[in-house]
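Below is one structure, written out as structure tokens; the observations come after it.
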Amino acid sequence: MKGVNIGILAVQGDVAENVSATRMAMDELGIEGIVSEVKSPDQIADLDGLVIPGGESTVIGTLSLVNGSLKKIKEKIASGMPVLGTCAGMILLSKKAKDKVVGEMEQPLLDYLDIRIERNAFGRQKDSFEAEISLEKIGIPAFRGVFIRAPSVLEAGKNVEVLSKIDEKIVAVKQGNIIGTSFHPELTEDLSLHKYFLTLVQKKG
Amino acid sequence: MIPLSGDIANAKGILRDKVGPSETKRGTSTLKRGFAHMLKNGVVMDVTTVEQAQIAEDAGAVAVMVLDKLPADVRKAGGVARTASIRIIEEIMDSVTIPVMAKCRIGHVYEAKVLETTDVDMIDESEVLTPADEFHHIWKWDFTTPFVNGARNLGEALRRIEEGAAMIRTKGEPGTGNVAEAVLHIKNVNTELRRLKSIYDAGDEQDLVSLARELKVSFSLVEETAALGRLPVVNFAAGGISTPADAAYLMTLGCDGIFVGSGIFKSDDAKERAQAVVLATTFWEDPEKVKEAQKMVDERQSMLGLDTKNLELRMQERGSTA
């Protein structure tokens, strides 16, 4: 049996944390396969699933555009590859992003999730917070949300499923095989969201 | 993976409140160290104006550090160097979307309080400014905003972490355009970490205790660091980096990212150089890409730089005994 091939986009940000969370989730589910850091279009071409980590969305987007990875990820998404994007990852997956203070942004995006993002929606670093949230719709009733200069979803199109809200702000969404979260599951010890992502990869397989 | 825990009991910087109906916490180690993790593999650039901050953001900087003067100019000006004007920090915060950091003087608790109240994303308690307290650094657990501190060796790094620093950078020798001291400092830390790890792996508790005394830090932090085999927080290189190849070299030595001070905006090709340093930091494993980055800059436009051997002012020595 062929194992699954999961990549963590390793341009910038908390890549190692996502490698480790995905690896552990795979082991706990007993799924065979590999988890590796990917940067180039060639590496991305072979993937069954991709995680876009936290970091600075402008940096990850700009540099992925430079080496052609952004285009390759778009093609893979169109072919149905599941993607989990956390924080900066969700921003990159969106169609439109604006900043709470600076306003409308022109930054390279993957243009898939039919959502409008507000960057730094909860304020600056001092307002970063940890809180209990719920992702009931995908069978995760309680989850520790780590929000670091987090974005939120201002508007979601009709094909977008809202998975979680805090203080009326949308903080997790799903559209097809693509999941985006405002918070960082990779910074907690709870693997349930990475596990859920892996089940999407398996179903697609 | 680097652990994110490490809070001391009753850290005053941890605030409990509510977002809607849910109980929340701010200022925890997970959030402070986590913030530093989001900067990994990135370049933080020193800036003094809104225009420079926007050049930095467009070039792909992961954050900007606001100063009144670039370190090279601080060196030239002499006198007392203090934190930057709040008005400039605020203008920059309103014009870029990436995190904005600012420096305070070593030990100057109230400069740091002012920066926290201004809402900067991270405070650098920095030797580039004139120290306000020769004997104490700031007790950073009292703050909700995370701190980064400079270090020349493992002892300095661990002492700063014990005071609550969420991130470490090498000191290097700021404002010189000379990478030699940053290289030395990261190698010092690496060598001492190897020694620490070998003592730990040999199970020699007695030696580990005497090493904790030598480094002047708690045994528990020494033990945690030894088990990890690396610093328990994100560790960047800083001090004297001026070319893409400088940045790539420091990444090969195990740094998590790069701070560039005078190197970019004291050169005559700042825009290209900013982009080139980012490219070299991202693709440091690929010599072909680093070469392309190096090709984007012109050595005749690099800052002239200084030999670090005969300096009147060695900024790196500030705060090193505390």
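Computed from a predicted model, the values in this text were never measured in an experiment. Every chain is numbered from 1 and lettered A, B, ... according to where its sequence line falls, protein lines coming before strand lines.
Across B:G60, B:P99, B:A63, B:A61, the residue that shares the most heavy-atom pairs under 4.5 angstrom with chain A is B:P99. Counting heavy-atom pairs closer than 4.5 Å to chain B, the top residue among A:I60, A:V102, A:I133 is A:V102. Counting heavy-atom pairs closer than 4.5 Å to chain A, the top-ranked of the candidates B:T28, B:L15, B:V62 is B:V62. If you tally non-hydrogen atom pairs under 4.5 Å between each of B:L31, B:V120, B:N41, B:T282 and chain A, the highest count goes to B:L31. Across A:I166, A:L63, A:V146, the residue that shares the most heavy-atom pairs under 4.5 angstrom with chain B is A:L63. Of the listed residues (B:G27, B:A36, B:P146), the one with the most heavy-atom contacts under 4.5 Å to chain A is B:P146.
Counting heavy atoms from C-beta on, the side chains of A:L193 and A:I138 come closer than 4.5 Å. Looking only at side-chain heavy atoms (C-beta outward), B:K18 and B:E23 come within less than 4.5 Å of each other.
In this structure, B:E90 does not pair ionically with B:R87, as no charged nitrogen and carboxylate oxygen lie closer than 4.0 Å. A salt bridge links B:E125 and B:K140; the closest N-O separation between the charged side-chain nitrogens and carboxylate oxygens is under 4.0 Å. A salt bridge links B:E116 to B:K113: one of the charged nitrogens lies within less than 4.0 Å of a carboxylate oxygen.
Pairing each heavy atom of A:A131 with each of B:T24, the nearest pair is CB-CG2, 3.6 Å. The heavy-atom pair separating B:R33 from B:P232 by the smallest distance is NH1-O, 3.7 Å.
Looking at A:T58, only its side chain comes within 4.5 Å of chain B, counting heavy atoms on both sides. Contact annotation for B:M93: both backbone and side-chain heavy atoms come within less than 4.5 Å of a heavy atom of chain A. Using a 4.5 Å cut-off between heavy atoms, A:R124 touches chain B through backbone and side chain atoms alike. Of the atoms belonging to B:F143, not a single heavy atom falls under 4.5 Å from chain A. Residue B:T97 touches chain A through both its backbone and its side chain, counting heavy-atom pairs closer than 4.5 Å. Residue contact with chain B, scored on non-hydrogen atoms closer than 4.5 Å, involves the side chain of A:K39 exclusively. Looking at B:V100, both its backbone and its side chain come within 4.5 Å of chain A, counting heavy atoms on both sides. With a 4.5 Å cut-off on non-hydrogen atoms, A:E130 touches chain B through its backbone and its side chain both. Using a 4.5 Å cut-off between heavy atoms, A:N120 touches chain B through its side chain atoms alone. For B:E285, the part sitting under 4.5 Å from any heavy atom of chain A is the side chain, from C-beta outward, and nothing else. Interface remark: A:R23 contributes no atoms to any contact with chain B (heavy atom separation under 4.5 Å). A:A10 touches chain B through its backbone: at least one of N, CA, C or O sits under 4.5 Å from a heavy atom, while the side chain does not. Contacts between A:N67 and chain B at a heavy-atom distance below 4.5 Å involve the side chain alone, from C-beta outward. Of the atoms belonging to B:A59, not a single heavy atom falls under 4.5 Å from chain A. Using a 4.5 Å cut-off between heavy atoms, A:V19 makes no contact with chain B at all.
A donor-acceptor distance shorter than 3.5 angstrom exists from the side chain of A:S164 to the backbone of A:S134, with no hydrogens or angles considered. For A:S128 (side chain) and A:R149 (main-chain N/O), a donor-acceptor pair under 3.5 Å exists by modelled atom type. In this structure a side-chain-to-backbone donor-acceptor pair under 3.5 Å is missing from A:E161 to A:V173. Counting only distance, with no hydrogens or angles, the side chain of A:E17 and the backbone of A:E186 share no donor-acceptor pair below 3.5 Å.
Here the OG1-CZ distance, from A:T181 to A:F147, works out to 8.0 Å after rounding to the nearest 0.5 Å.
Remark: A:K195 engages A:E28 in a side-chain hydrogen bond (donor to acceptor under 3.5 Å, both in side chains) (not counting sequence neighbours).
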